[in-house]
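To start, the structure under review is shown below, and the notes come after it.
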Amino acid sequence: SRRRHTRCSGVSWARRCVQETEIEDTEPQAIRNTYQRNRASDTSLVVKYQFTTDEQDVFCVRISPDDKLVAAGCADGDVRIFSLEGLEGNNVKTLPIQKLNTSISQMPVTTMRWRPHITGSKSKNILVAANAEGSLTYWHVNSGKALHKIVEENNQILAIDYNNDGSFLATAGKDYQVRIYDENVKSVVHVFREGSWQGHGHSNRIFSLKFLNDEPNLLLSGGWDGSMHLWDISCLLYTSD
C-alpha cells in the first residue's frame with residue numbers, strides 16, 4: 001500500500017501573552033524567613049562535572065535518552081559530545097569524546113534534539129542539530145557520520161522538536177513559519193504560515209517549539225511577537241490507498 005498525508009487545515013488556537021500585573025504578596029513572613037535561612041546554610045551544592053568546550057560559547061545542550069551522552073551546540077558550528085559514563089568525584093573537567101561539524105561557514109548551532117527511538121529502526125543515538133544558516137543535520141553519534149542534511153533557504157532555524165514516537169519533526173525560526181517534517185521521508189508535509197489579518201500565525205521570529213506529551217498531535221510555539229500558538233497536526237494522519 002502507498003501512504004499519503006491528508007491536507008492539514010492549518011487552524012491554531014492562539015493566546016496573546018500579556019504583561020503580568022502586580023499581585024498581592026500573601027506569603028507569610030515566617031515561611032520566607034525559613035526559606036532564606038535554609039538557603040544560606042545549604043553547603044551541599046557542588047559542581048559535579050565541568051565540560052570543556054575549547055572556550056567556545058555554548059548555545060544549547062541536550063542529554064541523550066539513555067542519559068549516557070551530553071551534546072553541546074557551540075558558536076563555531078561544532079557539536080561537542082561528552083560521555084557521562086565512568087566519571088567520579090566532584091569538579092571533574094571533561095573533554096569532548098567527539099566533535100561533529102554542522103556548518104561549513106561556522107555558523108552557530110542554535111538548537112538540537114535527540115531523535116526518539118523508532119520501533120523497527122536499528123539506528124540509535126541519532127542527533128538532529130540546526131544552525132543559524134538554516135540547515136538541519138542528522139548525526140549518527142556512535143559513528144560520527146552525517147546521515148542526512150536539510151537546508152531551509154533564507155531561514156535561521158531557532159527551534160525544533162519531535163513528537164513522542166519520532167514520526168514528525170517540527171522546525172521554526174526567523175521566517176515566522178512552523179514546518180512539519182515526515183521523519184520517514186525527511187520532507188515537509190505541512191507549513192503553518194506567518195500571521196496575517198486573515199488568520200492565525202506568528203508575526204516575528206519563533207524561538208520555542210514543544211509537542212505535548214499527553215497530546216502528541218498538539219504542538220506549542222512561542223516567539224518574539226508576544227504570542228503562543230497551539231497547533232493541531234492530527235490532520236497529518238497516514239492513509240492507505
Side-chain angles (χ1 to χ4, degrees), residues 48-49 51-53 56-87 94-103 107-152 156-173 178-188 206-222 233:
K48 193 70 175 176
Y49 311 126
F51 300 100
T52 303
T53 60
Q56 284 295 323
D57 295 338
V58 177
F59 278 56
C60 49
V61 294
R62 285 287 163 183
I63 298 178
S64 61
D66 59 8
D67 295 331
K68 294 182 179 179
L69 298 173
V70 173
C74 300
D76 61 355
D78 285 350
V79 175
R80 288 161 172 80
I81 304 297
F82 300 86
S83 174
L84 290 174
E85 294 187 294
L87 300 180
T94 307
L95 297 173
I97 60 174
Q98 206 170 28
K99 287 185 182 180
L100 310 174
N101 181 257
T102 66
S103 172
M107 295 292 284
V109 179
T110 52
T111 184
M112 302 177 296
R113 286 294 186 274
W114 295 90
R115 189 179 72 182
H117 180 63
I118 299 175
T119 302
S121 174
K122 297 181 180 179
S123 299
K124 297 182 180 180
N125 285 339
I126 303 299
L127 179 71
V128 180
N131 61 35
E133 66 185 0
S135 69
L136 285 169
T137 306
Y138 287 72
W139 292 97
H140 182 234
V141 173
N142 292 357
S143 65
K145 294 181 179 180
L147 303 179
H148 194 75
K149 187 172 183 177
I150 299 170
V151 178
E152 296 184 0
Q156 292 178 350
I157 301 174
L158 304 173
I160 62 175
D161 198 33
Y162 275 104
N163 65 341
N164 281 353
D165 63 6
S167 57
F168 291 109
L169 174 70
T171 72
V178 177
R179 293 171 175 83
I180 307 297
Y181 287 84
D182 180 337
E183 184 64 16
N184 289 322
V185 294
K186 305 292 190 299
S187 63
V188 175
I206 303 170
F207 276 91
S208 183
L209 288 174
K210 179 61 181 175
F211 278 99
L212 276 63
N213 291 329
D214 296 333
E215 297 287 345
N217 289 325
L218 295 182
L219 172 68
L220 187 65
S221 63
I233 68 165

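Predicted, not measured: the structure shown is a model, and the values here were computed from it. Heavy-atom basis, side chains included; hydrogens, waters and symmetry copies ignored.
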Exercise. Under the side-chain contact (heavy atoms from CB on, under 4.5 Å) criterion, do Ile150 and Tyr138 qualify, and how do the steps go?
Worked result: CA-CA 9 Å; Ile150 299 170; Tyr138 287 72; 4.1 Å; yes
Exercise. With a cut-off of 6.0 Å (strictly less than), are more than 12 heavy atoms of other residues, nucleotides or ligands near NZ of Lys186?
Worked result: yes
[X] to [Y] - nearest heavy-atom pair and separation:
{"X": "Pro216", "Y": "Phe211", "answer": "O-CD2, 3.3 Å"}
{"X": "Val109", "Y": "Ala129", "answer": "CG1-CB, 4.4 Å"}
{"X": "Ser135", "Y": "Lys149", "answer": "CB-CE, 3.6 Å"}

Exercise. From Thr111 OG1 over to Ile157 CD1, what is the distance, rounded to the nearest 0.5 angstrom?
Worked result: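 Output value for this atom pair is 9.5 Å.
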Exercise. How long is the span from the CD1 atom in Ile233 to the CG atom in Asn217, to the nearest 0.5 Å?
Worked result: 5.5 Å
Exercise. Who pairs with Lys124 by salt bridge (charged side-chain N to carboxylate O under 4.0 Å, His left out), at least two apart in sequence or on another chain?
Worked result: none
For this session: Establish, from distance only, whether the side-chain atoms of Thr110 and Gln156 form a donor-acceptor pair under 3.5 Å.
Result: no
For this session: Check the pair Leu100, Thr137 against side-chain contact (heavy atoms from CB on, under 4.5 Å), reporting the backbone distance first and the verdict last.
Result: CA-CA 10 Å; Leu100 310 174; Thr137 306; over 6 Å; no
For this session: Before giving the answer on side-chain contact (heavy atoms from CB on, under 4.5 Å), spell out for Phe207 and Leu158 the whole-Å C-alpha distance, their side-chain angles and the decisive distance to 0.1 Å.
Result: CA-CA 5 Å; Phe207 276 91; Leu158 304 173; 3.7 Å; yes
For this session: Give the intermediate values and the outcome of side-chain contact (heavy atoms from CB on, under 4.5 Å) for residues Trp114 and Leu69.
Result: CA-CA 10 Å; Trp114 295 90; Leu69 298 173; 4.1 Å; yes
For this session: Using the test side chain to side chain donor-acceptor pair (under 3.5 Å), find all partners of Asn142 that sit at least two apart in sequence or belong to another chain.
Result: Asn125
